[in-house]
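Numbers for residues simply follow the sequence, beginning at 1.
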Amino acid sequence: MKLESAPPQRSSLSDQITALEKQVLETHSSQPVVSVSDRPLQQQKHRESWWAIYASTFLTIFLAECGDKTQLSTLLMSAESQSPWIVFVGAAAALITTSLLGVLLGQWLAKHLSPRKLEIAAGTSLLLIAIALVGDILLS
């Protein structure tokens, strides 16, 4: 009796079983399945993405807050109270609280709206604020 094809190699069969298991798990799971061999790469990507998200958030908020009304208000409160550290702690607590509210609201919105709809809503809101500010300047 002649075999039409050679039996699969042991490593090839093992790879096929692993791929099949991964496919079955991905079919029945809402999250992608990560094999053991993918974990170091996934961990490195997670560390890189963590640093990128942290750095872009810090830089964006830092630049946006420099010279804005919050910073000017804390400057005036510090000068009036002669207690700069108490003003610093109070201002820092307030900024942390507003940031937490923003993060929680953003997380809730991300569960209910697509990123594209969020971008459109944010762009529309900023455009309306700009139009209102220009209208306020022209009418005053």
Side-chain angles (χ1 to χ4, degrees):
M1 180 176 215
K2 184 179 175 185
L3 291 174
E4 293 190 16
S5 64
Q9 298 288 328
R10 185 180 179 122
S11 63
S12 169
L13 184 59
S14 175
D15 290 343
Q16 289 175 356
I17 290 171
T18 302
L20 187 59
E21 286 174 345
K22 191 174 179 179
Q23 186 178 12
V24 168
L25 289 172
E26 284 179 347
T27 302
H28 298 290
S29 173
S30 61
Q31 303 221 350
V33 176
V34 178
S35 69
V36 175
S37 62
D38 294 339
R39 286 189 182 153
L41 182 62
Q42 290 280 338
Q43 289 172 347
Q44 182 180 359
K45 285 182 179 178
H46 178 69
R47 271 186 252 130
E48 290 173 359
S49 67
W50 180 90
W51 177 247
I53 291 169
Y54 174 79
S56 67
T57 302
F58 178 82
L59 196 60
T60 301
I61 299 301
F62 181 79
L63 292 176
E65 293 295 323
C66 279
D68 79 334
K69 63 184 182 229
T70 305
Q71 189 179 31
L72 295 176
S73 297
T74 55
L75 185 147
L76 292 174
M77 285 189 268
S78 176
E80 287 177 4
S81 68
Q82 300 294 318
S83 301
W85 289 109
I86 295 173
V87 171
F88 171 75
V89 171
L95 289 173
I96 288 171
T97 304
T98 59
S99 297
L100 178 64
L101 291 174
V103 167
L104 293 175
L105 181 61
Q107 190 177 24
W108 183 80
L109 286 172
K111 288 180 183 175
H112 299 302
L113 297 174
S114 69
R116 179 75 178 144
K117 287 180 181 175
L118 281 175
E119 287 177 0
I120 291 171
T124 303
S125 298
L126 292 174
L127 187 60
L128 291 175
I129 290 170
I131 290 170
L133 288 173
V134 169
D136 190 42
I137 291 170
L138 293 177
L139 297 176
S140 61

Distance (rounded to the nearest 0.5 Å) between C66 SG and I61 CD1: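 If I round to the nearest 0.5 Å, the distance is 11.0 Å.
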
Pairwise distance NZ(K69) to OG1(T74) - rounded to 0.5 angstrom: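 OG1 of T74 is found 13.0 Å from NZ of K69.
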
Residue pairs, two or more places apart or on separate chains, that pass side chain to side chain donor-acceptor pair (under 3.5 Å) and touch residues 112-126: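 Counting only pairs at least two positions apart or across chains, the side chain to side chain donor-acceptor pair (under 3.5 Å) contacts touching residues 112-126 are W108-H112.
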
Any residue meeting side chain to side chain contact (heavy atoms under 4.5 Å, CB included) with [X], in chain and number order, not counting sequence neighbours:
X    : result
L104 : L100, Q107
S56  : none
T70  : E65, D68, L95
L118 : L109, L113

Hydrophobic cluster partners of M77 (side-chain heavy atoms under 4.5 Å):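 Other cluster members: V87.
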
Residues clustered with I53, ILVMFWY side-chain links under 4.5 angstrom: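 Once heavy-atom contacts under 4.5 Å are chained together, I53 still belongs with nothing else.
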
ring-ring contact (aromatic ring centres under 6.0 Å, His included) pairs, two or more places apart, involving residues 113-134: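 Those involving residues 113-134 do not exist here.
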
Sequence neighbours excluded - ring-ring contact (aromatic ring centres under 6.0 Å, His included) pairs with any residue from residues 116-140: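 Output for this query is empty, none listed.
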
Results of ring-ring contact (aromatic ring centres under 6.0 Å, His included) for Y54 - residues two or more places apart only: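 Residues passing ring-ring contact (aromatic ring centres under 6.0 Å, His included) with Y54: W50, W51.
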
Any residue meeting side-chain hydrogen bond (donor to acceptor under 3.5 Å, both in side chains) with W85, in chain and number order, not counting sequence neighbours: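 By the side-chain hydrogen bond (donor to acceptor under 3.5 Å, both in side chains) rule, W85 matches no residue at all.
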
Hey, can you pull the donor-acceptor pairs under 3.5 Å for the side chains in residues 127-140, sequence neighbours left out?
| unit_1 | atom_1 | unit_2 | atom_2 | d |
| --- | --- | --- | --- | --- |
| S140 | OG | D136 | O | 3.1 |
| S140 | OG | I137 | O | 3.2 |

